[in-house]
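The structure appears right after this line, and notes come after that.
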Amino acid sequence: LLHNVCLSTYNPPPDDVAGVVRGSSASLTLKKQLTTPGSPIEEIVLLSFIGESLASKDAVLSRSEEFQELRQRTINNASTIYNHLTISLSNVGQYTLIADCYDRAMKFAYEHCHMWTQFGLSLLSAGHTIRAHAVLNHCSQLYPTPNPSILLILAKLSLNSFNRPEEAINFSQRVLDLDSVHPVYAARSHVIQGAALTQLAQRAASRNESTIIIEAALRNFQLATELDPGDVTCFYNLALSYARSRQISEASTAIARAIQIDPDHTLSLHLLSLILSSQGNFEDAYKLISAALIDSSEDITLLFTQIKLAQRLGDLNSSLNAAQLLLEVWQRGYRTYLTRESQCAGVGGTAMKPEAVSFIGGGGTGEQLAGGSSAGRLSSAFPEGSILGTGGFEVGGGVSEITSGTSIGKSISHTDNPWMLQTRIWLIVVEVYMELKDW
């Protein structure tokens with residue numbers, strides 16, 4: 001079913017149980033209790049759950065030597081079933097259900113590296129970052145030799161979700177300390193170290209200490225570009241670090257290389273538009289943002305920048321149109337949160353405390369991470385004449401990307417509180433109306 005059946009050729013099982021319960025007085029009752037799949041994915045999931053039930057029942061729990069061969073065989077059979085279950089459920093985004101299945105499997109998956117890894121990745125995709133970190137941390141100790149992928153995911157979690165740059169540096173350094181590490185893994189490790197050092201620089205007690213840490217971060221980003229010259233993320237982070245250090249010329253060179261590698265990289269296009277605005281070239285910056293919004297029409301960060309640039313160019317009607325789209329995107333993006341909050345307010349009388357709304361994008365095997373970003377403010381990197389000198393807002397992504405080859409920034413990354421984000425949108429609308437003198 002997974003490999004060879006499509007919707008046009010799929011024939012669902014017949015909705016007839018007469019052959020199974022022929023002559024039984026309970027045939028009608030049994031027929032009402034049966035579930036008949038109506039699509040390939042429904043049948044795949046149903047068969048996978050049946051397989052999981054049988055595999056769990058047949059698994060050998062005894063750790064005695066006499067049952068070692070039988071235990072290994074049953075665990076391998078169960079692992080195959082869980083792989084099928086993971087593929088089928090991830091196709092419909094049911095990561096929490098996958099995590100629950102692997103949670104049940106832990107009773108017989110003792111020290112089984114693959115199943116522990118899948119369990120951790122499913123928890124990540126479901127947004128359970130705290131437990132995912134604990135599971136993957138244990139998983140990293142199960143492998144005979146350190147697994148760089150697991151270590152880099154842990155580093156990314158430590159940096160983005162838990163704000164622990166020192167821990168992220170330790171995990172990434174373990175990758176660099178391997179005897180024969182692949183250049184791609186080494187480049188990712190240097191990127192995460194540069195991102196962690198950037199966070200540490202923001203906490204520095206003095207300017208001299210901050211300057212030393214930023215220089216170390218720059219060296220890591222430069223090493224990353226040398227190790228993996230075809231990765232847009234390395235050059236983007238290098239350009240971002242240069243921009244924070246007010247080295248606009250070097251930032252322009254690095255971001256031009258990033259766009260040369262991937263002309264559709266949204267964050268690179270956004271950073272280039274900010275650099276252009278810092279040089280007073282608002283018209284080209286506006287054209288660049290408008291082009292980026294063609295492929296990322298619901299990116300809130302790009303829309304904020306477009307509004308500011310349109311204000312600078314005096315096109316206030318375009319600013320209002322972009323602000324209206326911004327509100328619509330906000331409403332669509334936080335619809336689930338708003339519905340849940342209104343329900344809680346209706347039942348308990350008080351609204352639920354705002355929580356982070358995760359937007360998990362991309363494909364793959366569930367290595368996408370939900371959680372915060374390491375974005376910093378860039379307003380200090382540009383002169384007063386730029387749009388950042390007057391607006392001062394966050395550039396949507398972070399400064400690190402480890403595993404997927406795309407930026408960790410999400411389309412909604414300004415704040416964990418949707419009401420604060422809505423307030424900022426209304427404030428920018430008020431600014432436009434005040435310039436129109438229509439208030």
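From a predicted model like this one, the values you see are computed outputs, not experimental measurements. Just so you know, these numbers use all the heavy atoms, side chains as well, and skip hydrogens, waters and symmetry mates.
- With 3.5 Å as the limit, one finds no donor-acceptor pair spanning the side chains of Tyr286 and Ser277.
- A 4.5 Å side-chain heavy-atom check between Lys308 and Arg312 finds every atom pair outside the cut-off.
- The environment of Leu313 atom CG is dense: over 12 non-hydrogen atoms of other residues, nucleotides or ligands sit within 6.0 angstrom.
- Tested against His190, the residues Asn220, Asp228, Val175 include a single side-chain contact (heavy atoms from CB on, under 4.5 Å) partner, Asn220.
- In this structure, the separation between CG on Asp315 and CG on Leu320 is 9.5 Å, given to the nearest 0.5 Å.
- Taking Glu167 as the reference, Arg164 meet the salt bridge (Lys or Arg N to Asp or Glu O under 4.0 Å) condition, with sequence neighbours excluded.
- In this structure a side-chain-to-backbone donor-acceptor pair under 3.5 Å is present from Asn83 to Ser79.
- For Gln141, the CD atom is densely surrounded, since the number of other residues' heavy atoms within 6.0 Å is greater than 12.
- A heavy-atom distance below 4.5 Å is found between the side chains of Ile169 and Leu200.
- The side-chain heavy atoms of Leu157 and Leu124, taken from C-beta on, include a pair separated by under 4.5 Å.
- A donor-acceptor pair is defined here as one N or O able to donate and one able to accept, closer than 3.5 Å; such a pair exists between the side chain of Asn237 and the backbone of Thr233.
- For the atom pair NE2 of His84 and OG of Ser48, the computed distance is 7.5 Å after rounding to the nearest 0.5 Å.
- Shown here are the side chain to side chain donor-acceptor pair (under 3.5 Å) partners of Ser140, two or more places apart in sequence or in another chain: there are none.
- In this structure, CG on Leu269 lies 5.0 Å from CD1 on Ile259, to the nearest 0.5 angstrom.
- Panel note: side chain Ser90, backbone Ile87; a donor-acceptor pair is recorded below 3.5 Å.
- The heavy-atom pair separating Glu209 from Ala205 by the smallest distance is OE1-N, 3.4 Å.
- Residues Tyr185 and Ser149 form a side-chain contact, since some pair of their non-hydrogen atoms from C-beta on lies under 4.5 Å apart.
- Between the side chains of Thr129 and Ser161, not a single donor N or O lies within less than 3.5 Å of an accepting N or O.
- Looking only at side-chain heavy atoms (C-beta outward), Leu303 and Trp330 stay at 4.5 Å or farther from each other.
- A donor-acceptor contact shorter than 3.5 Å is absent between the side chain of Ser53 and the backbone of Ile50.
- Note that CG of Leu240 is 7.5 Å distant from OG1 of Thr198, once rounded to the nearest 0.5 Å.
- Looking only at side-chain heavy atoms (C-beta outward), Val232 and Ser268 come within less than 4.5 Å of each other.
- With hydrogens and angles left out, the side-chain atoms of His270 and Thr301 include no donor and acceptor closer than 3.5 Å.
- Panel note: side chain Trp116, backbone Val135; no donor-acceptor pair is recorded below 3.5 Å.
- Going from atom CG of Leu197 over to atom CD of Glu166 covers 10.0 Å, rounded to the nearest 0.5 Å.
- Ser122 places a side-chain N or O within 3.5 Å of a backbone atom of Phe119 that can act as its donor or acceptor partner.
- Looking only at side-chain heavy atoms (C-beta outward), Val45 and Ile41 come within less than 4.5 Å of each other.
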Assess whether side chain to side chain contact (heavy atoms under 4.5 Å, CB included) is satisfied between Gln247 and Leu218, documenting all intermediate values.
-> CA-CA 11 Å; Gln247 302 179 49; Leu218 275 171; 3.9 Å; yes

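- Interatomic distance, CD of Gln311 versus CD of Glu431, reported as 5.5 Å (0.5 Å rounding).
- For Arg207, the CZ atom counts as loosely surrounded, since its 6.0 Å shell holds 12 or fewer non-hydrogen atoms of other residues, nucleotides or ligands.
- With sequence neighbours excluded, the residues that form a ring pair (Phe, Tyr, Trp, His ring centres under 6.0 Å) with Phe162 are His133.
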